[in-house]
Amino acid sequence: RLLGLMVLILTVAVSGPVCGEEQKPRFDVIVIDSAITPPVAEYIIASVAASSKAGSEGLIIQMDTPGGLDLAMRDIIKSLLNAPLPVIVYVAPKGARAASAGAFITIAAHVAAMAPGTNIGAAHPVAIGAGKMDETMLEKVESDAVAYARSIAKERGRNVEWMEKAVRKSASIPAEEALSLRVIDVVAGDLNELLEKIDGREISLPSGKKKLRARGADLQMKTMGVRERILITISNPNIAYLLFIIGLAGLYFEFAHPGVVLPGIV
């Protein structure tokens, strides 16, 4: 018994310092490569909450988007501006873009990054569908978008004037020019280079200032569940429009031939 107790004490003494070593920081990574729709917003908001709960150092959103819906975009931006942990939006891979709603989301991040060969901008609001806004309504929507863009850029210390230009004149620029104009913070070729460049950067969270520990961090790639993938696919504006047309055709056939049932259910 005495010998066993001595072995236990020695084991604890030896393993204690090892267990007490500082753990490597971890960054979660999610990929968005579709239009900004409500399911995408739900997925990003849930990812921010999950990463915060898991104690991650930060969340990286690798994004390639042509834009999307205004309400979904605003839900995402509210989540980013009030996120309890650092959120980095990384426009990648090469050839990707952060257009329209994507530009707003990028500048709302704590750290805005882009890969070489990508572009950002073209954020003028447009109407979806057959209806056309009159001149007064178009002016109201544009003024609202400009004010929103300016407020986000000012909050994050980014180029307010250029963001207004991106909304009013649909300006779009490549990554290197975005960096020189202070639209973004970092140009990085891959995730590892991104971590190297943001290491030690101080950001502001609702809880106060935080210095990023990113050098040598572990990258935890997160994948969408089946539910998210299905919802994001069918909420794509192109596919949703086709489903809408199919639905109208089914209803027309049902009314033209009462009792068939199947077209109406479809």
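No continuous path of ILVMFWY side-chain contacts below 4.5 Å connects Phe27 to Tyr43, so the two sit in separate hydrophobic clusters. Under the 4.5 Å side-chain heavy-atom criterion for grouping Ile, Leu, Val, Met, Phe, Trp and Tyr, Leu69 is not connected to Ile45 through any hydrophobic cluster. Val146 and Ile105 fall within the same hydrophobic cluster, defined by Ile, Leu, Val, Met, Phe, Trp and Tyr side-chain heavy atoms under 4.5 Å apart, directly or through other members.
Atoms CD1 and OG, on Ile32 and Ser47 in that order, are 7.0 Å from each other to the nearest 0.5 Å. Atom OH of Tyr241 and atom CD1 of Ile246 lie 12.0 Å apart (nearest 0.5 Å). Between atom CZ of residue Arg156 and atom OG of residue Ser151 there is a gap of 11.0 Å, rounded to the nearest 0.5 Å. The distance from atom CD1 of Ile44 to atom CD1 of Ile36, rounded to the nearest 0.5 Å, is 5.5 Å. Rounded to the nearest 0.5 Å, atoms CD (Glu57) and CD1 (Ile88) are 8.5 Å apart.
A salt bridge links Arg74 to Asp70: at least one charged side-chain nitrogen sits closer than 4.0 Å to a carboxylate oxygen. We find that Glu202 and Lys210 are not joined by a salt bridge, their nearest charged nitrogen and carboxylate oxygen being 4.0 Å or further apart.
Taking Phe253 as the reference, His257 meet the ring-ring contact (aromatic ring centres under 6.0 Å, His included) condition, with sequence neighbours excluded. Contacts of Arg26 classified as side chain to side chain donor-acceptor pair (under 3.5 Å), with partners at least two apart in sequence or in another chain: Asp28, Ser56. Residues passing the salt bridge (charged side-chain N to carboxylate O under 4.0 Å, His left out) test with Lys169, sequence neighbours excluded: none.
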Please list, one pair per line, the donor and acceptor atoms closer than 3.5 Å that link side chains of residues 180-187 to other protein atoms, with sequence neighbours excluded.
| from | atom 1 | to | atom 2 | distance (Å) |
| --- | --- | --- | --- | --- |
| Ser180 | OG | Glu177 | O | 2.8 |
| Asp185 | OD2 | Ala112 | N | 2.9 |
| Asp185 | OD2 | Arg158 | NH2 | 2.5 |

Tabulate below the donor-acceptor pairs under 3.5 Å that side-chain atoms of residues 226-234 make, not counting sequence neighbours, or state none.
| from | atom 1 | to | atom 2 | distance (Å) |
| --- | --- | --- | --- | --- |
| Arg227 | NH1 | Glu42 | OE2 | 3.0 |
| Arg227 | NH2 | Glu42 | OE2 | 3.3 |
| Glu228 | OE1 | Gly225 | N | 3.1 |
| Arg229 | NH1 | Met224 | O | 2.7 |
| Thr233 | OG1 | Arg229 | O | 2.7 |

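Among residues at least two apart or in separate chains, salt bridge (Lys or Arg N to Asp or Glu O under 4.0 Å) pairs with a member in residues 77-87 are Asp75-Lys78.
Heavy-atom neighbours of Leu219 CG from other residues, nucleotides or ligands within 6.0 Å: above the threshold of 12. Within 6.0 Å of CD on Glu176 lie more than 12 heavy atoms contributed by other residues, nucleotides or ligands.
If you run side-chain contact (heavy atoms from CB on, under 4.5 Å) between Ile60 and each of Leu194, Val89, Val111, only Leu194 comes through.
Panel note: side chain Thr118, backbone Arg97; no donor-acceptor pair is recorded below 3.5 Å.
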